[in-house]
K.L.:
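Sharing a structure with you now.
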Number of protein chains: 2
Amino acid sequence: MTRPAKRITSTDVARVAGVSQTTVSFVLNDKPGHSIPEATRLRVLEVARQLDYRPHASARALAAGRSDIVLLSLPDLPMGGAITRFVEEMAAALADHGLTLVTHLAGARGRPLADVCATVNALAVIGLTSFDDDTAQALYRAGADVVLPTRFSHSAAGLPVGRLQAGHLIARGHRRIGYALPAHPGLREMAADRLEGVVAACADAGLEPPVAVGTSLEVDAAAAAVAQWAGNSVTGVCAFNDETALAVLAGLREQGLSAPGDLAVVGVDDIPVARLAAPPLTTVSFDLRHAARGRAEVIMAALAGREPGLVHREEWRLIRRASA
Amino acid sequence: MTRPAKRITSTDVARVAGVSQTTVSFVLNDKPGHSIPEATRLRVLEVARQLDYRPHASARALAAGRSDIVLLSLPDLPMGGAITRFVEEMAAALADHGLTLVTHLAGARGRPLADVCATVNALAVIGLTSFDDDTAQALYRAGADVVLPTRFSHSAAGLPVGRLQAGHLIARGHRRIGYALPAHPGLREMAADRLEGVVAACADAGLEPPVAVGTSLEVDAAAAAVAQWAGNSVTGVCAFNDETALAVLAGLREQGLSAPGDLAVVGVDDIPVARLAAPPLTTVSFDLRHAARGRAEVIMAALAGREPGLVHREEWRLIRRASA
DNA sequence: CATGGTAAGTAATGCGCATTACCCAGATCG
DNA sequence: CGATCTGGGTAATGCGCATTACTTACCATG
């Protein structure tokens with residue numbers, strides 16, 4: 001386990017390839033407007049490969065005045081399976097564009113976002129929910145080029161989810177719909193979007209608006225929510241996400257009831273344990289990889305100053321299982 | 001929402017404070033061996049605060065030859081709730097020491113670890129499972145100062161978990177124990193540790209070794225596993241983690257059986273949905289924040305070239321619910 | 001043949017910081 | 001009284017790279 005071997009720099013590559021460091025830089029960055037003959041190009045590339053050269057990110061960032069770091073601010077909330085996967089996919093998608101995703105947990109313990117942004121010299125800062133103006137200002141001042149309120153579930157996207165959930169219930173004959181709101185405040189904004197979709201679906205079907213009830217992931221809280229729905233003759237519930245839906249299922253059980261007979265339940269996300277529930281959870285899922293890639297593209301576009309171009313349509317689909 | 005505003009550099013601070021940039025650097029880094037009168041110190045500090053100065057990470061890294069980045073390599077596996085939380089806690093703990101945790105997903109899509117390590121100029125690289133020698137070498141060569149096989153579940157720690165699980169079952173009178181191994185290869189190393197603990201507990205109690213069976217998170221696979229245990233007259237099963245345990249529960253249901261009557265089930269992690277399962281899952285949990293802080297300390301120690309000092313004992317505890 | 005153009009490069013510069021080497025006024029000492 | 005030390009600083013340097021300004025050799029063209 002020795003550790004000798006100094007770092008290999010672009011100057012090393014230059015020396016071995018018999019060119020100047022400038023040329024190496026041009027070749028490696030594919031600088032346009034500078035004609036480098038193919039032979040030289042290849043030679044440099046080959047030497048770089050042989051020497052196992054990797055540009056030094058800090059130096060590059062310092063010289064170029066911009067890093068390749070995209071900072072993702074995550075609310076300090078119980079991250080469910082879906083968000084986690086989304087983050088992973090985002091990281092992979094951005095990596096394909098040469099960007100590095102680093103996540104920052106908001107919340108009491110951490111340093112302020114603008115602080116982190118400045119210290120890592122982030123190129124862009126994105127979040128799951130929109131930043132208020134003050135925060136955005138602070139981030140720009142902290143050196144961010146792009147600050148995107150790139151919500152995981154953009155307003156445009158929250159609605160279809162709710163519609164899909166409610167639509168399924170309505171199609172199955174339910175006339176009084178409930179909605180299970182998450183207890184965590186950080187999730188509220190996202191939940192509001194989805195709830196709106198449910199409201200819309202109910203309106204379209206000529207039904208009364210859904211009975212929205214909040215519940216934590218505790219059995220008691222869920223049982224109370226179930227009681228409330230029962231009191232309002234609700235027969236089908238759309239839950240904010242799968243975890244909330246599982247809580248509802250547990251609440252039903254607690255009350256000696258069951259899904260879908262007493263109350264049909266539809267979740268969102270299709271987390272791995274959704275299919276393992278009793279009964280297996282009917283839920284709405286979408287291709288996280290696809291979505292992450294879409295988001296990454298929006299970011300790239302913003303960085304390039306372009307308009308996002310065609311954003312891939314996110315395809316949500318209902319996964320029918322036993323709970324509804 | 002525009003506001004250009006150049007970055008504030010240490011030179012700016014120096015100018016305003018009427019000292020040299022060198023002095024600012026000394027003050028801000030608390031450089032020992034250089035006597036700076038309190039008055040100057042305070043003045044610099046105050047100006048830095050007023051100007052909202054934040055050192056530029058890249059510049060600092062370049063100048064100092066070392067970044068403040070700790071790279072965490074995560075296997076490309078379905079990260080359950082527990083690992084995610086662990087990562088969050090790690091990040092927070094390291095941030096308290098001025099370090100930044102960035103995670104890298106191993107796996108086909110991503111760039112090789114050593115590559116990432118070199119480009120971000122990571123100070124340390126850590127992982128959940130041990131790195132083999134070649135990889136470690138490559139990482140050192142890529143510039144890492146410290147490479148820790150800092151396993152989430154260190155060999156020393158995997159055993160107690162298994163022991164705790166098995167101990168509970170044995171105490172409840174089970175004489176033939178099963179073990180549910182996760183299907184994902186990336187989890188195998190961790191699982192082996194825990195299984196070993198179960199083996200030890202069985203041996204201690206004079207029982208035969210556990211019947212280890214692999215299962216994915218699909219109901220069918222779990223049902224098959226359940227059948228296998230039934231065929232071996234196993235009455236209690238320790239699962240690798242809660243998700244696997246939930247699969248076993250679903251497998252039981254599929255077979256028309258139930259826990260704990262037909263088969264007692266014990267998980268690990270106490271993920272949020274564990275208490276929502278049918279029946280609520282008995283599981284082993286531990287204080288992730290505590291553990292993360294402990295790990296962070298080990299890293300800090302290694303960076304300082306010190307021995308880890310006293311590592312906080314990780315306290316696992318059994319959470320008794322209905323499934324076992 | 002002078003002029004300009006282009007292809008193929010290189011030297012020099014500076015990003016923001018940490019660090020090293022140095023500097024100077026006054027106190028202490030031999 | 002000159003030499004030495006020391007507290008309180010500063011100037012200069014360089015990390016590894018991207019970028020800008022410049023150079024040289026080799027054409028083509030009027």
Side-chain angles (χ1 to χ4, degrees), chain A residues 5-44 47-48 51-69 98 118-123 142-143 145, chain B residues 6-44 48 51-69 98 118-123 142-143 145:
Chain A
K6 251 185 62 297
R7 249 200 108 96
I8 285 162
T9 73
S10 66
T11 309
D12 294 333
V13 175
R15 194 170 20 71
V16 175
V19 297
S20 71
Q21 182 262 324
T22 308
T23 302
V24 172
S25 179
F26 284 160
V27 168
L28 262 37
N29 294 318
D30 234 344
K31 199 89 225 284
H34 249 272
S35 48
I36 310 243
E38 198 58 14
T40 310
R41 243 181 65 75
L42 291 179
R43 185 153 35 90
V44 169
V47 170
L51 260 42
D52 200 20
Y53 165 72
R54 266 84 144 238
H56 189 293
S58 300
R60 177 196 282 264
L62 186 58
R66 45 162 40 214
S67 74
D68 62 350
I69 288 187
T119 57
V120 305
N121 197 26
L123 224 201
D145 264 26
Chain B
K6 256 186 72 277
R7 255 199 100 99
I8 286 163
T9 73
S10 65
T11 309
D12 295 331
V13 175
R15 194 169 20 72
V16 175
V19 297
S20 72
Q21 182 263 324
T22 308
T23 302
V24 172
S25 179
F26 284 159
V27 169
L28 263 35
N29 295 317
D30 235 343
K31 199 88 227 278
H34 248 274
S35 47
I36 310 245
E38 198 60 10
T40 310
R41 244 181 63 76
L42 292 179
R43 185 153 38 91
V44 169
L51 259 42
D52 199 21
Y53 166 73
R54 268 87 146 231
H56 189 295
S58 300
R60 176 197 284 265
L62 185 58
R66 46 165 37 216
S67 75
D68 62 350
I69 288 187
T119 57
V120 304
N121 199 25
L123 224 201
D145 263 26

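Letters A, B, ... mirror the listed sequences (proteins, then strands); counts begin at 1. What you see below is based on every heavy atom in this structure, not just the backbone, and it leaves out hydrogens, waters and symmetry mates.
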K.L.:
Start at the 5' end of DNA chain D and walk down; is the nucleotide closest to B:Thr40 or to A:Leu62 reached first?
P.N.:
B:Thr40
K.L.:
Give one of base, sugar-phosphate or nothing for A:Ser10, where a contact means two heavy atoms less than 4.0 Å apart.
P.N.:
sugar-phosphate
K.L.:
Among residues 12-21 of chain A, which ones have heavy-atom contacts with DNA chain C below 4.0 Å?
P.N.:
A:Val19, A:Ser20
K.L.:
What are the two closest heavy atoms between B:Ile8 and B:Leu51, and how far apart are they?
P.N.:
CD1-O, 2.8 Å
K.L.:
Find out whether A:Tyr53 and A:Leu28 are in side-chain contact, i.e. whether some heavy atom of one side chain is under 4.5 Å from a heavy atom of the other.
P.N.:
yes
K.L.:
Short question: side chain of B:Arg7, backbone of B:Arg54 - any donor-acceptor pair under 3.5 Å?
P.N.:
yes
K.L.:
Let me confirm one number: the NZ-OG1 distance from A:Lys31 to A:Thr23, rounded to the nearest 0.5 Å.
P.N.:
13.5 Å
K.L.:
From CD of B:Glu38 over to P of D:dG7, roughly how many Å is that when rounded to an integer?
P.N.:
16 Å
K.L.:
Heavy atoms only, 4.0 Å cut-off, all strands: where does A:Ser25 land among base, sugar-phosphate and nothing?
P.N.:
base
K.L.:
Keeping the roles fixed (side chain from A:Asp12, backbone from A:Thr9), state whether a donor-acceptor pair exists under 3.5 Å.
P.N.:
yes
K.L.:
Could you give the start and end, 5' to 3', of the contact zone on DNA chain C for chain B, using atoms under 4.0 Å from its heavy atoms?
P.N.:
C:dG16 to C:dT20
K.L.:
Does B:Arg43 reach the main-chain N or O of B:Ala17 with its side chain, forming a donor-acceptor pair under 3.5 Å?
P.N.:
yes
K.L.:
Applying a 4.0 Å non-hydrogen cut-off, can you work out what A:Thr23 is touching in the nucleic acid: base, sugar-phosphate, or nothing?
P.N.:
base
K.L.:
Please answer whether the main-chain N or O of A:Asn121 pairs with a side-chain N or O of A:Ser67 as donor and acceptor at a distance below 3.5 Å.
P.N.:
yes
K.L.:
Once salt bridge (Lys or Arg N to Asp or Glu O under 4.0 Å) is applied, do any residues pair with A:Asp68, and if so which ones, sequence neighbours excluded?
P.N.:
none
